[in-house]
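For reference, the structure discussed in these notes is given below.
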Amino acid sequence: MSKLVITEVHGKVGLIRISRPEALNALNNEVVDGIGAAIDGFEADENIGCIVLTGNEKAFAAGADIGFMKDFDYMHAYKTDFITRNWERIKTTRKPVIAAVAGFALGGGCEMAMMCDMIFAADTAKFGQPEIRLGTMPGAGGTQRLPRAVGKAKAMDLCLTARMMDAAEAEKAGLVARIIPAEQLLDETLKAAATIAGFSLPVVMMIKESVNRAFESSLNEGLLFERRVFHSAFALEDQKEGMAAFVEKRKPAFRNC
Ligand code: CAA
């Protein structure tokens, strides 16, 4: 495991901290591979029901590492499958991932936060896609996920002017699920993650998959997918327990979480 990526287990929650403070957590291969390895570990760990990805108080991540990629040529970027090779592990995990963002989430940092299932932002968070200032463009989903999250107008504004958006604007625009005072960010995110991890894991995974489907299909296709998955939930022992507990006015004891 890379020393630039620290993992901790908090009950049923797996915490991944990006720890490269001297470079504002800029994302080089070592960091991104480390995040992927941490996700592999938590995915395989039956005790873990939710994952939190965070940075430090100054930066979630200030982008892909500029020094690392500045001399890439086309052939190198293409042959090594830059970005696709390792960044997208976050997107493929079946367990929910919450990004806890304080300080800068810029370029690849903003894109990595958007690969997570939701973003909790400290009141200090700043989001942006400033790649245009470097003579390049977002390459880890910024031009695709940002418009889906905040709409075309604001996505164009951020990507074309390189300006940053604060936490309040990001929440209003729909990029951020919650704003939390910076000093409580991690505790509050871990609490929400523990709530999720306390539910039935198969149901959590069904919901995650179904919500993500909303972005990849027409409404009718998405509704059909949801209905099929909803019907299959009647096969779960946790569904029997959850509904029986409600009727019997007691707390459910889920067995698959
Ligand atoms: N890559 C490499 N190093 C970075 C970095 C990055 N993305 N962002 C910050 N750093 C380094 C700085 O070089 C500096 O290192 P030194 O102390 O060794 O000089 C250190 O982190 C601290 O940074 P600053 O001194 O610049 O801190 P600041 O508070 O004055 O400014 C900032 C903060 C506005 C975030 C500024 O660092 C900045 O603009 N960073 C670059 C942001 C950016 O352009 N991100 C997009 C990268 S491209 C990308 O991500 C492509 C993609 O889509 C995948």
Side-chain angles (χ1 to χ4, degrees), residues 2-6 16-36 39 53-92 97 99-116 119 121-150 152 154-170 175-176 182 185 215:
S2 161
K3 64 180 184 339
L4 304 182
V5 175
I6 296 164
I16 305 173
R17 291 179 193 266
I18 307 168
S19 180
R20 202 187 167 205
E22 69 287 357
L24 296 178
N25 287 342
L27 300 161
N28 60 13
N29 265 346
E30 186 180 341
V31 175
V32 180
D33 285 341
I35 293 169
I39 290 175
L53 176 63
T54 197
N56 56 42
E57 69 284 355
K58 276 208 179 134
F60 177 76
D65 187 317
I66 298 164
F68 164 72
M69 66 182 163
K70 73 180 176 42
D71 295 324
F72 282 11
D73 59 16
Y74 171 77
M75 192 56 109
H76 178 79
Y78 183 71
K79 268 176 75 181
T80 59
D81 210 10
F82 183 43
I83 304 293
T84 316
R85 184 187 71 78
N86 49 1
W87 287 56
E88 298 200 333
R89 179 66 184 99
I90 295 171
K91 169 183 113 167
T92 58
V97 185
V101 174
F104 298 112
L106 301 177
C110 184
E111 292 168 306
M112 186 169 273
M114 290 191 289
M115 284 179 201
C116 299
I119 301 175
D123 45 13
T124 58
K126 292 206 178 309
F127 299 89
Q129 297 292 157
E131 291 89 343
I132 197 166
R133 261 202 213 118
L134 301 169
T136 188
M137 62 177 286
T143 66
Q144 302 304 303
R145 290 196 178 92
L146 195 58
R148 282 169 170 78
V150 305
K152 177 182 168 185
K154 218 173 255 299
M156 283 286 189
D157 181 5
L158 289 164
C159 293
L160 290 176
T161 70
R163 80 170 175 89
M164 290 187 217
M165 171 163 78
D166 66 16
E169 184 182 359
L175 180 66
V176 156
L185 176 69
F215 293 94

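First listed ligand is number 1; within each ligand, the first listed atom is number 1. Note that the numbering runs from 1 along the sequence shown for the chain.
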*Give me the ring orientation class for Phe72 and Phe68: parallel if the planes are under 30° apart, tilted from 30 to 60°, perpendicular past 60°.*
perpendicular

*Under the side-chain contact (heavy atoms from CB on, under 4.5 Å) criterion, do Val31 and Val5 qualify, and how do the steps go?*
CA-CA 6 Å; Val31 175; Val5 175; 4.2 Å; yes

*Short side-chain to backbone donor-acceptor contact, Asp65 and Ala26, under 3.5 Å*: no

*Can any side-chain N or O of Gln129 pair as donor or acceptor with the backbone N or O of Leu158 at less than 3.5 Å?*
no

*Under a 4.0 Å heavy-atom cut-off, which residues neighbour ligand 1?*
Glu22, Ala23, Leu24, Ala26, Ala62, Gly63, Ala64, Asp65, Ile66, Met69, Ile83, Phe104, Leu106, Gly107, Gly108, Glu111, Pro130, Glu131, Leu134, Pro138, Gly139, Ala140

*Where Glu30 and Lys3 come nearest, the two heavy atoms and their spacing*: OE2-N, 4.2 Å

*Step by step, work out the side-chain contact (heavy atoms from CB on, under 4.5 Å) result for Asn29 and Arg85.*
CA-CA 10 Å; Asn29 265 346; Arg85 184 187 71 78; 3.6 Å; yes

